[in-house]
Structures are given as structure tokens and as C-alpha cells.
Amino acid sequence: MFGLVDGNNFYASCERAFQPELIGKPVVVLSSNDGCAIARSNECKALGVKMGQPIHEVPRDVRRQLIVRSANFGLYGDISSRIVQILSDLFARVEVYSIDESFVSFEWIKPSDRARVAKEARARILQWTGIPSCVGIGQTKTLAKAGNKLAKKTVHGVVELVDPRAQLAAYPLEDLWGVGRKWSAKLGAEGIMTAVDLMDADTETLRARYGVVLARTQAELLGHPCSDIVEVEADRKQIVCSRSFGREVVELDDVCHAVAAFASNACEKLRSRSLMCGGVWVWLNTNPFKEDAAQYHPSKAFNLIAPSCDTREVMSVATALTKAMYRKGYRYKKGGVGLLDLTHGDIHQADLFAGVDPRSAKLMDTMDQVNAKFGRGAMVMAQTMRRGGAKWAVKRENLSPAYTQKWSDVLRVS
DNA sequence: TCTGGGGTCCTAGGACCC
DNA sequence: TCTGGGGTCCTAGGACCC
């Protein structure tokens, strides 16, 4: 038996946790560069703001009523791990599925106790973190997800799918886990509109037309688990850092500056997972929304001779790739660095000709420790610095304080 | 004026192996 | 003139997730 615990309107609720005066108000959290709505309080949804909608497309009179926040992922990640801690106390197994969702296992819990334990989890999360949440319970993860969605519309916030066929009779296909926009449109054209329609569809036909993924979704709907709780997160296969620039950038030096920052960032993530990369990939983009402007979106990759997690090495490769791709005259709007072929540091093929410099690991380790102690950015590569700041700097005009991460931002109670 | 970022898995087809 | 069978690996594209 599986449960899915999900923080309601998670990012918006995190903002409210430290600013309770926002409760009852239309709060919207924006993506990087203050571009699109990525979380909305119920009041904000009621005003018609859509998920993923560019904020400049929201009518001016609606925008005036909104309380706008720039995404503060440091804060959200911190609250997320506190919620996971609470769940780990209550359930035998927990799978952290995303920043705001965890699957939990109801094994060892009597059927008659399921709802009680779920309510206890909600109550603790609300009291200890200030985040409202919902719990869905079902025989498979897919059913638990659907139960969670149904729970959002209830007052008590817990739904167990005891009779999926009855409870999902009107459940729209596009709300089902594993069925996205394309497939729900295609299935709809075949007369399959609800979760129950999918349960009753011919398995072989589904398998042939949509592949094994949708066939598994059907099996899960019918109560046959195809996936269990995964407690230990699998190693990443790639790590990417990309950003839209705060404004269009023209000069090679500014493009290189941005790419160097992305490379540095990606390497930090790499080392935090004790991984090394065997390849580096860089890409650039002009602004695709400016249809009359000249478009250019180059991309280039390079395989390292031996795996590395040394920021200096990755940065110099990324810079070389950037210089090779850069063309004068284009207005660049976005760029990114990807690290590929990730492996664990302890098992790798060394370079036959160039020995491994033992100082590299020590230097990176020291940098990471300094930054952990004195705050991110305390020690950086000179290449990521520029007099007068970054031309490409991302816009974050409505950022809330780092309540849980900086001493200077801790709330004062008077 | 303004338009996000970071992932995964599956499938089909081509290149290559013995 | 006749021209096999059984594999793996890699890549690109397309779907999905949050």
C-alpha cells in the first residue's frame, strides 16, 4: 500500500510559512528571471493565473492584485528536507520523489489505521513547518497519486482509493500520472477520456500504439504495482546548469563569463554527489521569441581524456567550446553547461600519459569547505568575476529573505 | 519591455560485431 | 547466379515528470 504526500501549492506555501500575513492573499512565485508563474496560491488560481503562464501576459489589473515572489529554491529545499524528516519518523520507507512530493509505504500499518496515520502526518507537517499538505493512498503509486489529486478538493486532505473503479469513474485522463498532454489528446480521440476508460482499454493495443510506459500505467490503475518505493536516489546521469540571461548579451567576454559561472555551478553539484564527469557540453541560444531577430543556437560537446570534477578543467573546456561557437553579431539570451558520462570518483580509467594531479581533489575539497563554512560564493574562480557585475545577471526582483540559510536573514521576534 | 530549469525513460534506426 | 543469423551499442527524437 502506497501513500503520496504532497505540499499544497508548495512554493507559495513556503513563502507564506515565513510571512503568515500572506495567508488568504493571491501569491504567485515566478521562475528564474521573474518569467513565468510556477506556483500559485488558491486565491491566485481563482484570479485566472495559469501554471507556467508568462507573468507579463497576465492582465495588468490582475497583476496589481498579486503578491509576487521570485523563486527562492534555497528556502524551498530546506523546508522540503524538514518535511522528509517528519515522514521518515512516521513511515517505514520514504521515497523523495520531488521537492514537494514523497511516496511513503503503508506496510506494517493496519488498514483501519491508514487514514489516522495520514492525518497525523498532515498535522505534524503543518505544525512543524507551516506547510499544508494532502495525502493520497492506494494499492499502487499511480493510484496514490490520483488519490492525492482527489484529496486536494476535500477539507480533511486524505483520500484512500478503496474502490478505484468507482472513485475514478470521472477522473480525467490528463490528470493521471504518466499521461501528458499529447497522449491524453491522442487517447481522447480514440474515446478514452477517463481513468476507468484506460483501465478497460485493450492492453495489447495500448502497448503497440503508446509503448510499455502507458501499459504500465494501466496495470497500476488496475492495482498491479509496477514500481516500488525507491529509498536511495539513483546516481545522476547528467548534471545541467542553464539560465536565461537578464538581458541580451552580445560580447564574447560576457558570454564566456556566463558560461564560466554555469560550469562552476555544475561542478559544485557534481562534487556534492561525489561524481566525476567524462564529458562537457555547452550551448547558446538567441531569443526565440523575437522572430524578426537573427537566430543562432549552437551546441558543442567535448569528451575529457579522464573523468574530472575539477572546476578549472571543466571551465577551461567550456570556455574553449564557447569561443569556438561564438559568432559576432548575434544577441544571446540563454546558455547552458551540461556534464555528461557521470561516474563515481573511485572507479575510473586514468589517463595513460598524464598522471592524476593529487592536488586537484584537495583544492576542490578546500574550496567546497570554505564555501560551506562562509557561504556560497565566498571563494570562486577569478573567471566568474567581473568589474561592475555580470551583464547577463538573472532578474530576481522579488526575492524573499534566506530565512533558513543566512544568519542575517533569520526572523526576529520582538 | 517581459517568455524557466532540470531531469528520466523508451523506441527506432543505423553502425558495427562475430 | 547464389548472398545468414543473432547480437550490442549509440544516438536522436519524443514522450513524460516536477
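The sequence lines fix the lettering, A, B, ..., with proteins before strands; numbering per chain opens at 1. Predicted, not measured: the structure shown is a model, and the values here were computed from it. Below, all heavy atoms of this structure are taken into account, side chains as well, without hydrogens, waters or symmetry copies.
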Problem - Phosphate contact (B:dG5 OP1 or OP2) by A:Lys334 side-chain N/O below 4.0 Å - result: yes
Problem - Pairing of A:Glu95 and A:Lys141 as salt bridge, 4.0 angstrom limit - result: yes
Problem - Listed nucleotide nearest any side-chain atom of A:Arg236, set B:dC10, B:dT8, B:dT11 - result: B:dT8
Practice task
Starting at atom CG of A:Asp292, determine the distance to atom P of B:dT1, rounded to an integer number of angstrom.
Solution key: 11 Å
Practice task
Considering just the side-chain nitrogens and oxygens of A:Lys237, establish if one lies under 4.0 Å of OP1 or OP2 belonging to B:dC9.
Solution key: yes
Practice task
Please find out if less than 6.0 Å separates the ring center of A:Phe262 from that of A:Trp392.
Solution key: yes
Exercise for the section: Would you indicate what A:Arg207 reaches in the nucleic acid, counting non-hydrogen atoms under 4.0 angstrom: base, sugar-phosphate, or nothing? Expected result: sugar-phosphate
Handout entry: Spacing of the P atoms in B:dT3 and C:dC18 (rounded, Å)
Key = 25 Å
Handout entry: Nearest to side-chain heavy atoms of A:Lys395, which nucleotide of B:dC2, B:dC10, B:dG4
Key = B:dC2
Exercise for the section: Please tell me which of the listed nucleotides, B:dC2, B:dG6, B:dC10, lies nearest to the side chain of A:Val212? Expected result: B:dC10
Completion exercise
Of the listed B:dG5, B:dT3, B:dG6, the closest approach to the A:Lys333 side chain comes from B:dT3
Practice task
Could you tell me whether A:Arg181 and A:Glu174 make a salt bridge, using a distance below 4.0 angstrom between a side-chain N and a carboxylate O?
Solution key: no
Fill in the blank from the handout: Here the distance between atom P of B:dG5 and atom CZ of A:Arg396, to the nearest Å, is 12 Å
Problem - Of A:Arg60 and A:Trp283, the one whose closest DNA chain B nucleotide lies more 5' - result: A:Arg60
Exercise for the section: Would you indicate whether the side-chain heavy atoms of A:Asp100 and A:Tyr76 approach each other to under 4.5 Å? Expected result: no
Exercise for the section: Give a yes/no on whether any side-chain N or O of A:Ser242 is located under 4.0 angstrom from OP1 or OP2 of B:dG4. Expected result: no
Exercise for the section: Go through the side-chain N and O atoms of A:Asn9 and A:Lys45 and say whether any donor and acceptor fall under 3.5 Å apart. Expected result: yes
Fill in the blank from the handout: Of B:dG4, B:dT8, B:dG6, the nucleotide closest to the side chain of A:Ser31 is B:dG4
Practice task
Using atom CD of A:Glu57 as one end and atom P of B:dC2 as the other, report the distance to the nearest whole Å.
Solution key: 13 Å
Exercise for the section: Kindly say if A:Lys269 contacts the phosphate of B:dG6, meaning a side-chain N or O under 4.0 Å from OP1 or OP2. Expected result: yes
Exercise for the section: Using atom NE2 of A:His56 as one end and atom P of B:dG4 as the other, report the distance to the nearest whole Å. Expected result: 9 Å
Handout entry: Derivation and outcome, side chain to side chain donor-acceptor pair (under 3.5 Å), residues A:Thr311 and A:Arg271
Key = CA-CA 10 Å; A:Thr311 302; A:Arg271 291 194 300 270; 2.9 Å; yes
Problem - Pairwise side-chain contact, A:Trp128 with A:Ile86, heavy-atom cut-off 4.5 Å (strictly under) - result: yes
Problem - Nearest-angstrom distance from the residue atom CD of A:Glu397 to C1' of B:dG4 - result: 16 Å
Problem - Check: A:Val196 and A:Arg165 side chains under 4.5 Å, non-hydrogen atoms - result: yes
Exercise for the section: For nucleotides 12-18 of chain C, just jot down a letter per nucleotide in 5' to 3' order: B, S or -, based on protein non-hydrogen atoms under 4.0 Å. Expected result: ---SSSS
Completion exercise
When rounded to whole Å, the CG to P distance for the pair A:Asn287 and B:dT1 reads 12 Å
Exercise for the section: Specify the separation, in whole Å, of atom CZ of A:Phe262 and atom C1' of B:dG5. Expected result: 11 Å
Handout entry: Lys/Arg cation over aromatic A:Tyr210: A:Lys186, 6.0 Å, 45° cone
Key = yes
Exercise for the section: Select base, sugar-phosphate, or nothing to describe what A:Arg216 touches, counting heavy atoms under 4.0 Å on all strands. Expected result: sugar-phosphate
Exercise for the section: If the plane angle is over 60° it's perpendicular, under 30° parallel, otherwise tilted; pick one for A:Phe106 and A:Phe91. Expected result: perpendicular
Exercise for the section: Examine B:dG6: is either OP1 or OP2 under 4.0 Å from a nitrogen or oxygen in the side chain of A:Arg243? Give yes or no. Expected result: yes
Fill in the blank from the handout: Its dot-bracket string being built from Watson-Crick and G-U pairs below 3.5 Å, with | for another strand and [ ] for crossing, DNA chain B has the pattern ....||||||||||||||
Practice task
Round to the nearest Å and state the distance from A:Glu248 atom CD to B:dT3 atom C1'.
Solution key: 12 Å
Problem - Sub-6.0 Å ring centroid separation between A:Phe103 and A:Trp177 - result: yes
